[in-house]
A.B. asks: 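Structure in structure tokens, see below.
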Amino acid sequence: MEQFALQEIYPEIRQIGAQLAAITPAKQPLSAEHPLAQVAAQMGVGPVGEGRTFPILWDEGNRIADAFGLTHDFSDATRGLYMAAELDIEAINGAEAVWTLPLASTYIIDKAGMIRHVVVTADWRVRPDPHDTLERLKQAVAD
């Protein structure tokens, strides 16, 4: 969802000389028949990678997210609910991810590798407004 909004501002991001990349533990796009893909479609979101021109990188086993302290584990109860609904996170993200998911996060990192702005949330539905992110990026480039 956020990726589609970011795609809209991606030309401006490139115009100011910056780059955008998404990182996901998903090994491959979900089939249209997959329950998560159906939920995404109901929310007006297409399959992973569809319609995006910026890179989408695979975080095998959530290693990058874990290095940044951005993973959370499923409780046994939540894992049972997912399995009952045939939503096998190990099948989607690989057994290496061990029933963890990354927290939703947005980083602006300058050319020197300094983190200039970060938003991290445990609620995957709460994301920064892409236009606010663009304004913060412009500030970082101007500094």
Side-chain angles (χ1 to χ4, degrees), residues 1-138 140-141:
M1 296 165 283
E2 179 184 23
Q3 290 181 17
F4 283 95
L6 289 169
Q7 178 61 49
E8 290 179 18
I9 64 168
Y10 185 55
E12 287 183 77
I13 290 171
R14 295 300 297 149
Q15 187 175 16
I16 62 173
Q19 180 55 274
L20 167 69
I23 303 174
T24 179
K27 294 177 80 167
Q28 59 189 3
L30 298 173
S31 69
E33 297 78 32
H34 194 281
L36 288 177
Q38 291 174 1
V39 169
Q42 290 171 358
M43 297 174 75
V45 179
V48 173
E50 180 182 288
R52 295 170 194 77
T53 57
F54 57 86
I56 299 177
L57 309 173
W58 176 39
D59 182 10
E60 181 178 6
N62 270 325
R63 290 182 190 148
I64 301 299
D66 192 47
F68 279 85
L70 297 173
T71 58
H72 65 92
D73 297 329
F74 282 79
S75 68
D76 289 340
T78 303
R79 182 177 177 175
L81 289 171
Y82 271 66
M83 292 300 287
E86 298 181 11
L87 299 174
D88 186 349
I89 295 300
E90 286 185 20
I92 296 168
N93 294 343
E96 306 85 9
V98 194
W99 282 87
T100 63
L101 287 177
L103 296 173
S105 53
T106 300
Y107 285 82
I108 295 176
I109 305 170
D110 68 17
K111 289 181 181 183
M114 296 288 296
I115 297 173
R116 303 292 300 271
H117 176 71
V118 62
V119 176
V120 177
T121 179
D123 186 342
W124 62 271
R125 299 166 297 179
V126 178
R127 304 292 175 105
D129 181 285
H131 292 94
D132 292 342
T133 300
L134 180 61
E135 288 307 310
R136 291 204 180 253
L137 179 59
K138 287 177 181 178
V141 169

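The residues of the chain are indexed from 1 along the displayed sequence.
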A.B. asks: Partners of Glu60 by side chain to side chain donor-acceptor pair (under 3.5 Å), sequence neighbours excluded?
C.D. replies: none
A.B. asks: Working to the nearest 0.5 Å, report the span between CD of Gln19 and CG of Leu137.
C.D. replies: 10.5 Å
A.B. asks: Is any side-chain heavy atom of Ile16 closer than 4.5 Å to a side-chain heavy atom of Lys138?
C.D. replies: yes
A.B. asks: Do the side chain of Trp58 and the main chain of Ile23 share a donor and acceptor less than 3.5 angstrom apart?
C.D. replies: no
A.B. asks: So how far is it from Met83 CE to Leu81 CG, rounded to the nearest 0.5 Å?
C.D. replies: 11.5 Å
A.B. asks: Working to the nearest 0.5 angstrom, can you tell me the gap between Thr24 OG1 and Leu57 CG?
C.D. replies: 10.0 Å
A.B. asks: Looking only at heavy atoms, what is the nearest atom pair of Thr100 and Ile89, with distance?
C.D. replies: O-CG2, 4.2 Å
A.B. asks: Hey, what do you get for CG (Leu134) to CD (Gln15), rounding to the nearest 0.5 Å?
C.D. replies: 10.0 Å
A.B. asks: Distance check, rounded to the nearest 0.5 Å: Arg136 atom CZ versus Thr106 atom OG1?
C.D. replies: 11.5 Å
A.B. asks: State, to 0.1 Å, how close His117 and Val119 come at their nearest heavy-atom pair, and which atoms those are.
C.D. replies: NE2-CG2, 3.4 Å
A.B. asks: Minimum heavy-atom separation for Arg116 and Ala140, please, with both atom names.
C.D. replies: NH1-O, 3.5 Å
A.B. asks: If every non-hydrogen atom of Ala122 is compared with every non-hydrogen atom of Leu103, which pair is closest and at what distance?
C.D. replies: CA-CD2, 3.7 Å
A.B. asks: Under 3.5 Å, which donor-acceptor pairs do the side chains of residues 64-80 form with other protein atoms, sequence neighbours left out?
C.D. replies:
{"from": "Asp66", "atom 1": "OD1", "to": "Thr71", "atom 2": "OG1", "distance (Å)": "3.4"}
{"from": "Ser75", "atom 1": "OG", "to": "Thr78", "atom 2": "N", "distance (Å)": "3.0"}
{"from": "Ser75", "atom 1": "OG", "to": "Thr78", "atom 2": "OG1", "distance (Å)": "2.9"}

A.B. asks: When you compare the side chain of Trp99 with that of Asn93, does any pair of heavy atoms fall below 4.5 Å?
C.D. replies: no
A.B. asks: Quick check: closest heavy atoms across Pro130 and Ile9, and the distance to 0.1 Å?
C.D. replies: O-CD1, 3.2 Å
